[in-house]
Undergrad: 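Can you read through this structure? Questions will come right after.
Computed from a predicted structure; not experimentally measured.
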Amino acid sequence: MTPARAKTPASPLRILQVVPRRQLRGAEVFAGQLCARLAAEGYEITLAGLYPPGAPPLEVPGVRAVDLFPRVARGVSPRLVLRIAREIRRSEPDIVQANGSDTLKYSVLARWLSGRRPLLVYRNISLASRWVRTPMHRLWNRRLLQAVDRVVAVSERSRQDMQATYALPGDRITVIPRGVETEVAQPQETAREDLADRTGCDPDAPLIVHVGSFTREKNHRGMLEVLRSLHRRHPRAQLVCFGDGPLREEIRREVRRLGLDKRVALPGARPDAADLAAGADLLLLFSFVEGLPGVVLEAGARALPVVVSDVGGVREVVTDGESGRIVSPGDDAGCAAAIAELLEDDALRRRLGETLRATVRARYDLNVIAARFRELYTTLLTASSNRHPATDEPSGSVPTASGR
């Protein structure tokens with residue numbers, strides 16, 4: 001392999017952030033936020049989507065963006081591997097960060113094909129064990145992970161699951177959760193008006209909001225059943241589901257079949273979904289699988305109370321009865337009861353929302369999380385420099401984005 005590019009004291013770090021596609025989904029949105037933070041500090045950032053961008057696409061001002069392949073590829077596409085390898089040769093990154101999904105296999109193979117030697121970080125965004133299909137699939141992923149310089153797990157629960165699933169040494173995995181902007185100041189009344197204007201919902205009715213992709217693991221069908229159960233006590237309650245995805249039209253048909261057309265709004269993916277959600281009475285997350293759901297952090301930043309299913313790293317953020325309500329995945333009746341409890345107690349909603357906001361501000365502020373990624377990059381580059389003193393900078397000298 002060709003060594004990494006020569007460094008000078010003024011050289012900014014170059015990072016290639018690889019995402020499945022430039023879309024408004026949790027992992028991609030956070031990757032974009034991290035790109036923006038690093039670019040503002042002088043890093044040279046390229047945001048590369050494997051597949052065509054979403055509608056609307058994820059845009060990051062000041063960051064170069066590329067979309068590498070015209071369609072979603074099954075298995076491993078040699079042409080896509082080649083395109084990522086060309087991008088590595090073009091941008092000469094010091095670090096390639098692969099963010100979930102197909103990015104692992106393509107980044108590992110493309111780095112090898114490129115003939116370059118950037119460090120490779122894989123950010124695991126969910127529970128690995130839930131996506132392993134066969135023993136051969138497990139073995140394949142384990143071999144890929146052996147080529148990665150560091151795995152970043154989004155939660156302690158994700159770290160434990162990754163280590164158990166692939167028998168990775170503990171020192172190969174670092175936990176860095178997702179971060180969010182915590183200084184948001186839109187008044188709840190204004191947000192409620194905006195939410196009603198953008199979605200056509202009734203601002204005087206109880207409003208429940210969900211933000212997430214229309215995929216099986218998000219359990220939209222379960223949410224519709226929860227709403228039907230909730231209507232026995234709150235017949236005017238409305239559910240607003242922001243997002244897009246392969247099951248959106250299927251869920252739209254199910255809404256019509258159940259006669260919930262006037263009680264469910266599907267406004268699509270919106271870059272301002274988190275701000276609009278602040279106008280609801282609570283946020284619902286009824287997923288079967290999560291790593292550390294960013295939508296819960298976004299809700300907390302806005303003091304929006306949450307009802308969430310007990311999956312992934314949810315309990316690392318939410319304490320049941322103190323900063324939200326936690327329900328069992330698939331427990332429609334229990335979820336409806338928890339929602340009803342919050343809708344009927346304004347003081348409880350305010351208390352849960354404020355406690356969650358304090359947690360998010362203390363532990364998940366985007367500036368703090370970005371600093372942890374910078375620290376990780378510096379640690380990895382220092383170790384690499386010590387291993388390759390003839391091709392990198394002298395031992396112990398690591399370039400920074402500011403050139404200091």
Undergrad: Is any side-chain heavy atom of Leu145 closer than 4.5 Å to a side-chain heavy atom of Val151?
TA: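 Side-chain contact under 4.5 Å: yes.
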Undergrad: Determine whether the side chains of Ser114 and Arg89 contain a donor N or O and an acceptor N or O closer than 3.5 Å.
TA: no
Undergrad: Can you tell me how far the CD atom of Gln17 sits from the OG1 atom of Thr103, to the nearest 0.5 Å?
TA: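 So the gap between those two atoms works out to 10.0 Å.
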Undergrad: Verify the distance criterion only: is there a donor paired with an acceptor across the side chains of Asp94 and Tyr377 at less than 3.5 Å?
TA: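 There is no such pair (donor and acceptor under 3.5 Å, judged by atom type) between the side chains of Asp94 and Tyr377.
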Undergrad: Between the main-chain N or O of Gly222 and the side-chain N or O of Asn219, is there a donor-acceptor pair closer than 3.5 Å?
TA: yes
Undergrad: Strictly by modelled atom types, are Arg64 and Thr46 linked by a side-chain donor-acceptor pair under 3.5 Å?
TA: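 There is such a pair between these side chains.
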Undergrad: Salt bridge or not between Glu341 and Arg325? Use side-chain N to carboxylate O under 4.0 Å.
TA: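 Result for this pair is yes, salt bridge flagged.
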Undergrad: Is a donor on one side and an acceptor on the other found under 3.5 Å between the side chain of Arg363 and the backbone of Glu316?
TA: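 Yes; at least one donor-acceptor contact below 3.5 Å.
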Undergrad: Any side-chain donor paired with an acceptor under 3.5 Å for Asp161 and Ser129?
TA: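 Judged by distance alone, the side chains do pair up.
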Undergrad: Starting at CD1 of Ile208, measure out to CG of Leu343 and round the result to the nearest 0.5 Å.
TA: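 CG of Leu343 is found 5.5 Å from CD1 of Ile208.
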Undergrad: Working to the nearest 0.5 Å, report the span between CG of Asp345 and CZ of Arg350.
TA: 8.5 Å
Undergrad: Mind checking the CZ-CZ spacing from Arg83 to Phe69? Nearest 0.5 Å is all I need.
TA: 5.5 Å
Undergrad: Checking the side chain of Arg248 only, and the main-chain atoms of Leu266 only, is there a donor and an acceptor separated by less than 3.5 Å?
TA: yes
Undergrad: Atom CH2 of Trp131 and atom OG of Ser126: how far apart are they, to the nearest 0.5 Å?
TA: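 Separation between the atoms: 6.0 Å.
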Undergrad: For Ser155, is there any backbone N or O sitting under 3.5 Å from a side-chain donor or acceptor partner on Arg178?
TA: no
Undergrad: Please check if any side-chain donor atom of Asn99 sits under 3.5 Å from a side-chain acceptor atom of Gln97, or the reverse.
TA: yes
Undergrad: If only atom types and distance count, is the side chain of Thr319 paired as donor or acceptor with the main-chain N or O of Arg315 below 3.5 Å?
TA: no
Undergrad: Hey, are the side chains of Leu276 and Phe242 touching, using non-hydrogen atoms and a 4.5 Å cut-off?
TA: yes
Undergrad: How close do Leu284 and Cys335 get, counting heavy atoms only, and between which atoms?
TA: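 Looks like CD1-SG, 3.5 Å.
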Undergrad: Under 4.0 Å between a Lys/Arg side-chain N and an Asp/Glu carboxylate O for Glu322 and Arg351?
TA: no
Undergrad: Any side-chain heavy atom of Asn367 within less than 4.5 Å of one from Glu181?
TA: no
Undergrad: List in chain and number order the residues that pass salt bridge (Lys or Arg N to Asp or Glu O under 4.0 Å) with Arg216, two or more places apart in sequence or in another chain; answer none if no residue qualifies.
TA: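 Once residues adjacent in sequence are excluded, the partners of Arg216 under the salt bridge (Lys or Arg N to Asp or Glu O under 4.0 Å) criterion are Glu250.
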Undergrad: With salt bridge (charged side-chain N to carboxylate O under 4.0 Å, His left out) as the test, would you mind laying out the steps for Arg252 and Glu249 before giving the verdict?
TA: CA-CA 5 Å; Arg252 190 187 301 279; Glu249 289 308 310; 3.4 Å; yes
Undergrad: Report the C-alpha separation of Gln163 and Ile173 in whole Å, then their side-chain angles, then the decisive distance to 0.1 Å, and conclude whether the side chain to side chain contact (heavy atoms under 4.5 Å, CB included) test is met.
TA: CA-CA 8 Å; Gln163 189 170 4; Ile173 309 175; 4.0 Å; yes
Undergrad: Among side-chain atoms of Asn124 and Ser158, is any donor-acceptor pair under 3.5 angstrom?
TA: no
Undergrad: Report yes if some heavy atom in the side chain of Cys35 is under 4.5 Å from a heavy atom in the side chain of Val60; otherwise report no.
TA: yes
Undergrad: For His220 and Phe214, take the angle between the two ring planes, folded into 0 to 90°, and tell me which bin it lands in: parallel under 30, tilted 30 to 60, perpendicular over 60.
TA: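 Judged by the thresholds at 30° and 60°, the geometry between His220 and Phe214 is parallel.
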Undergrad: Looking only at heavy atoms, which two atoms of Leu80 and Leu50 are closest? And how far apart?
TA: CD1-O, 4.0 Å
Undergrad: Within the structure provided, determine whether Tyr106 and Leu144 are in side-chain contact (heavy-atom separation under 4.5 Å).
TA: no
Undergrad: Does any donor atom in the side chain of Gln33 or Arg37 lie under 3.5 Å from an acceptor atom in the other side chain?
TA: no
Undergrad: For a side chain to side chain contact (heavy atoms under 4.5 Å, CB included) check, start with the C-alpha distance between Val318 and Ser323, then their side-chain angles and the critical distance, and finish with the verdict.
TA: CA-CA 6 Å; Val318 179; Ser323 55; 3.9 Å; yes
Undergrad: Looking at Arg372 and Glu375, is any side-chain nitrogen of the basic one under 4.0 Å from a carboxylate oxygen of the acidic one?
TA: no
Undergrad: Is the shortest side-chain heavy-atom distance between Phe30 and Arg25 below 4.5 Å?
TA: no
Undergrad: Taking atom OH of Tyr166 and atom CG of Leu168, what is their separation to the nearest 0.5 Å?
TA: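 Rounded to the nearest 0.5 Å, the OH-CG separation comes out at 9.0 Å.
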Undergrad: Report yes if some heavy atom in the side chain of Ile369 is under 4.5 Å from a heavy atom in the side chain of Ile176; otherwise report no.
TA: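 Yes, side chains in contact.
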Undergrad: Using the rule side chain to side chain contact (heavy atoms under 4.5 Å, CB included), only one of Ile95, Val96, Leu120, Val121 pairs with Asp149; which is it?
TA: Leu120
Undergrad: Could you tell me which non-hydrogen atom of Asp244 sits nearest to which non-hydrogen atom of Ala55, and how far apart they are?
TA: OD2-O, 4.4 Å
Undergrad: Do Arg21 and Asp67 sit within salt-bridge range, that is, some charged N less than 4.0 Å from a carboxylate O?
TA: no
Undergrad: Output yes when a side-chain donor or acceptor of Arg157 lies under 3.5 Å from a complementary backbone atom of Gly313, and no otherwise.
TA: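 Not confirmed, Arg157 side chain does not pair with Gly313 backbone.
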Undergrad: I'd like to know if the side chain of Thr134 reaches the main chain of His137, judged simply by a donor and an acceptor atom lying under 3.5 Å from each other, with no hydrogens or angles considered.
TA: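 Yes: the side chain of Thr134 pairs with the backbone of His137.
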Undergrad: Check this for me, if you would: do Glu225 and Arg221 make a salt bridge, where the nitrogen-to-carboxylate-oxygen distance has to be below 4.0 angstrom?
TA: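 The answer is no: the pair does not qualify as a salt bridge.
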Undergrad: Which heavy-atom pair separates Ala280 from Leu207 by the least distance, and what is that distance?
TA: CB-O, 3.6 Å
Undergrad: Write down the atom of Val327, the atom of Gly334, and the distance for their closest heavy-atom approach.
TA: CG1-O, 4.0 Å
Undergrad: Applying side chain to side chain donor-acceptor pair (under 3.5 Å) as the test, list every pair that has at least one member in residues 197-210; sequence neighbours left out.
TA: Asp202-Arg236
Undergrad: Should Asp281 and Leu304 count as side-chain neighbours, where that means a heavy-atom distance under 4.5 Å?
TA: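 They are not in contact (no side-chain heavy atoms under 4.5 Å apart), so the answer is no.
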Undergrad: Could you pull out all residues at least two apart from His234 that satisfy ring-ring contact (aromatic ring centres under 6.0 Å, His included)?
TA: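 Once residues adjacent in sequence are excluded, His234 has no partner under the ring-ring contact (aromatic ring centres under 6.0 Å, His included) criterion.
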Undergrad: Within the side chain of Thr382, is there an N or O that forms a donor-acceptor pair under 3.5 Å with the backbone of Thr378?
TA: yes
Undergrad: Less than 4.0 Å between a side-chain N and a carboxylate O, is that true for Glu92 and Arg14?
TA: yes
Undergrad: Quick one: does Asp332's side chain have a donor or acceptor within less than 3.5 Å of a partner on Val226's backbone?
TA: no
Undergrad: Please list, one pair per line, the donor and acceptor atoms closer than 3.5 Å that link side chains of residues 286-293 to other protein atoms, with sequence neighbours excluded.
TA:
residue	atom	partner	partner atom	Å
Ser287	OG	Glu290	OE2	2.8
Glu290	OE1	Lys218	NZ	3.4
Glu290	OE2	Lys218	NZ	2.6

Undergrad: Would you mind listing every salt bridge (Lys or Arg N to Asp or Glu O under 4.0 Å) that reaches into residues 130-147, with sequence neighbours excluded?
TA: none
Undergrad: Let me see the working for Ser328 and Asp310 under side chain to side chain donor-acceptor pair (under 3.5 Å), right down to the final yes or no.
TA: CA-CA 5 Å; Ser328 298; Asp310 191 4; over 6 Å; no
Undergrad: Quick one: salt bridge (Lys or Arg N to Asp or Glu O under 4.0 Å) pairs with a partner in residues 256-267, sequence neighbours left out?
TA: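 As it turns out, the salt bridge (Lys or Arg N to Asp or Glu O under 4.0 Å) pairs with a partner in residues 256-267, which skip direct neighbours, are Glu254-Arg257.
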Undergrad: For Ala31 and Val19, work out which heavy atoms get closest and say how close.
TA: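 Closest approach of Ala31 to Val19: CB-CG1, 3.7 Å.
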Undergrad: Mark yes or no for whether Arg22, through its side chain, and Gly54, through its backbone, hold a donor-acceptor pair below 3.5 Å.
TA: no
